[in-house]
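Count residues from 1 along the sequence.
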Amino acid sequence: MQFFSILVTLLAALIGFYNYFESRLEQFYIFDPSHLHDLSQRAIAAHGEDTRSIVNYIVAELEQKVPSVHINKDEEWVFNNAGGAMGAMYIIHASTAIGTEGHTGRHTADDYFNILQGTQLAYVPGSFEPEVYPAGSVHHLRRGEVKQYKMDKSCFALEYARGWIPPMLFFGYADTFSSTLDFPTLWATSRITGREMISNLFKGKM
């Protein structure tokens with residue numbers, strides 16, 4: 001009986017914690033999805049298919065718009081295995097050069113995938129045609145939604161997740177333990193992501 005009382009108390013505390021911060025998430029955000037979409041489009045217009053220059057353009061403007069303490073200027077690329085798909089990412093704040101395909105995951109945050117180069121396809125059950133996201137468009141995967149996605153060839157994107165981020169990490173870790181067993185990549189991803197998330201949390205932002 002005592003265990004049940006403790007469990008109910010912990011559950012009530014967790015619900016209270018969630019409701020409190022859920023209603024105040026907006027005050028913690030640094031980036032605005034519409035600005036990131038506009039920035040991505042301007043970077044593409046300025047540099048065409050020169051992905052290196054597109055990334056530099058985006059990082060340079062973010063450094064001007066956002067306090068530099070929130071931007072990771074060290075270009076630390078790591079592999080990312082999630083939902084059966086493999087790619088590589090450079091964490092600007094916490095894309096792939098060959099094709100990949102997989103499961104988006106069902107996340108606790110809205111995910112904004114701004115296509116910088118190439119094309120992404122997405123599919124939801126019951127649809128007879130794929131969703132097509134060319135360079136300059138944004139694929140908004142709403143919190144709780146799930147899709148299949150595919151990039152046939154070279155594709156790079158500026159991805160921005162907005163919401164409850166830590167629970168998303170379990171999806172990112174699952175492939176390591178179930179198939180790839182690539183623990184050095186897992187450590188590198190955890191180290192960089194953890195460093196950036198904790199650093200920004202102490203600054204009151206995410």
Side-chain angles (χ1 to χ4, degrees), residues 25 28-83 85-102 104-105 107-122 131-143 145 147 149-165 168-169 171-172 188-189 192-193 195-197 199-200 205-206:
L25 280 178
F28 294 104
Y29 296 140
I30 298 172
F31 303 105
D32 176 63
S34 59
H35 169 242
L36 294 179
H37 186 204
D38 175 66
L39 173 57
S40 299
Q41 290 181 318
R42 286 187 283 109
I44 293 167
H47 297 289
E49 295 189 4
D50 183 353
T51 309
R52 162 68 64 185
S53 296
I54 290 173
V55 171
N56 291 340
Y57 184 102
I58 289 170
V59 173
E61 178 162 322
L62 290 179
E63 281 190 85
Q64 294 177 351
K65 299 283 186 181
V66 177
S68 60
V69 293
H70 296 298
I71 302 294
N72 178 24
K73 291 177 283 187
D74 297 327
E75 197 167 317
E76 302 166 294
W77 287 89
V78 292
F79 277 125
N80 178 50
N81 291 279
M86 183 175 184
M89 60 183 177
Y90 155 35
I91 302 171
I92 299 174
H93 177 84
S95 49
T96 178
I98 58 176
T100 192
E101 178 179 7
T104 61
H107 300 301
T108 52
D110 283 270
D111 192 79
Y112 298 86
F113 212 70
N114 294 273
I115 308 300
L116 303 178
Q117 186 246 312
T119 300
Q120 185 191 60
L121 303 177
E131 300 172 9
V132 181
Y133 299 96
S137 66
V138 58
H139 179 188
H140 178 196
L141 183 69
R142 290 174 175 78
R143 178 163 50 172
E145 289 185 350
K147 298 179 183 179
Y149 75 95
K150 180 178 183 180
M151 286 98 87
D152 280 328
K153 299 177 182 178
S154 173
C155 188
F156 284 83
L158 172 65
E159 184 177 16
Y160 174 48
R162 187 179 177 91
W164 296 95
I165 307 301
M168 298 176 71
L169 297 178
F171 174 73
T189 303
I192 298 169
T193 305
R195 182 193 68 205
E196 295 301 311
M197 288 177 63
S199 172
N200 284 292
K205 296 294 180 182
M206 61 182 184

Item checked: Residue pair Asp111, Thr104: steps toward the side-chain contact (heavy atoms from CB on, under 4.5 Å) verdict -> CA-CA 10 Å; Asp111 192 79; Thr104 61; over 6 Å; no
Check: Can you check side-chain contact (heavy atoms from CB on, under 4.5 Å) on Leu39 and Tyr57, steps first, answer last?
Finding: CA-CA 9 Å; Leu39 173 57; Tyr57 184 102; 3.7 Å; yes
Minimum heavy-atom distance [X]-[Y], with the two atoms named:
X: Leu158; Y: Ser40; answer: CD2-OG, 3.6 Å
X: Glu145; Y: His140; answer: OE1-O, 4.5 Å
X: Arg142; Y: Asp110; answer: CA-OD1, 3.4 Å

Would you say that [X] contacts [Y] through its side chain, given a criterion of any heavy-atom pair below 4.5 Å between the two side chains?
X: Pro33; Y: Arg162; value: yes
X: Lys147; Y: Glu131; value: yes
X: Ile44; Y: Ile115; value: no

Check: Step by step, would you call Met151 with Leu121 a side-chain contact (heavy atoms from CB on, under 4.5 Å)?
Finding: CA-CA 6 Å; Met151 286 98 87; Leu121 303 177; over 6 Å; no
Notebook entry, point to check: When rounded to the nearest 0.5 angstrom, what is the spacing between OG1 in Thr119 and OH in Tyr133?
Noted result: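 If I round to the nearest 0.5 Å, the distance is 12.5 Å.
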Checklist line | Spacing of Tyr160 atom OH and Phe113 atom CZ [to the nearest 0.5 Å] | finding: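 These two atoms lie 15.5 Å from each other.
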Note to self: I'd like to know if the side chain of Glu159 pairs up with that of His139 as donor and acceptor (distance under 3.5 Å, no hydrogens or angles considered).
What the structure shows: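 No pair is found: no donor N or O on one side chain lies under 3.5 Å from an acceptor on the other.
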Checklist line | Residue pair Ile58, Leu116: steps toward the side-chain contact (heavy atoms from CB on, under 4.5 Å) verdict | finding: CA-CA 10 Å; Ile58 289 170; Leu116 303 178; 3.7 Å; yes
Check: How far apart are the C-alpha atoms of His35 and Glu61, what are their side-chain angles, what is the distance that settles it, and do they pass the side chain to side chain donor-acceptor pair (under 3.5 Å) test?
Finding: CA-CA 11 Å; His35 169 242; Glu61 178 162 322; 3.0 Å; yes
Margin query: Can you confirm whether Glu49 is buried at CD, in the sense that more than 12 heavy atoms of other residues, nucleotides or ligands lie under 6.0 Å from that atom?
Written below: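 No, CD of Glu49 has 12 or fewer neighbouring heavy atoms, counting only those of other groups under 6.0 Å.
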Checklist line | Counterpart residues, side chain to side chain contact (heavy atoms under 4.5 Å, CB included), relative to His37 (two or more places apart) | finding: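 Partners of His37 under the side chain to side chain contact (heavy atoms under 4.5 Å, CB included) test: Gln41, Asn114, Val138.
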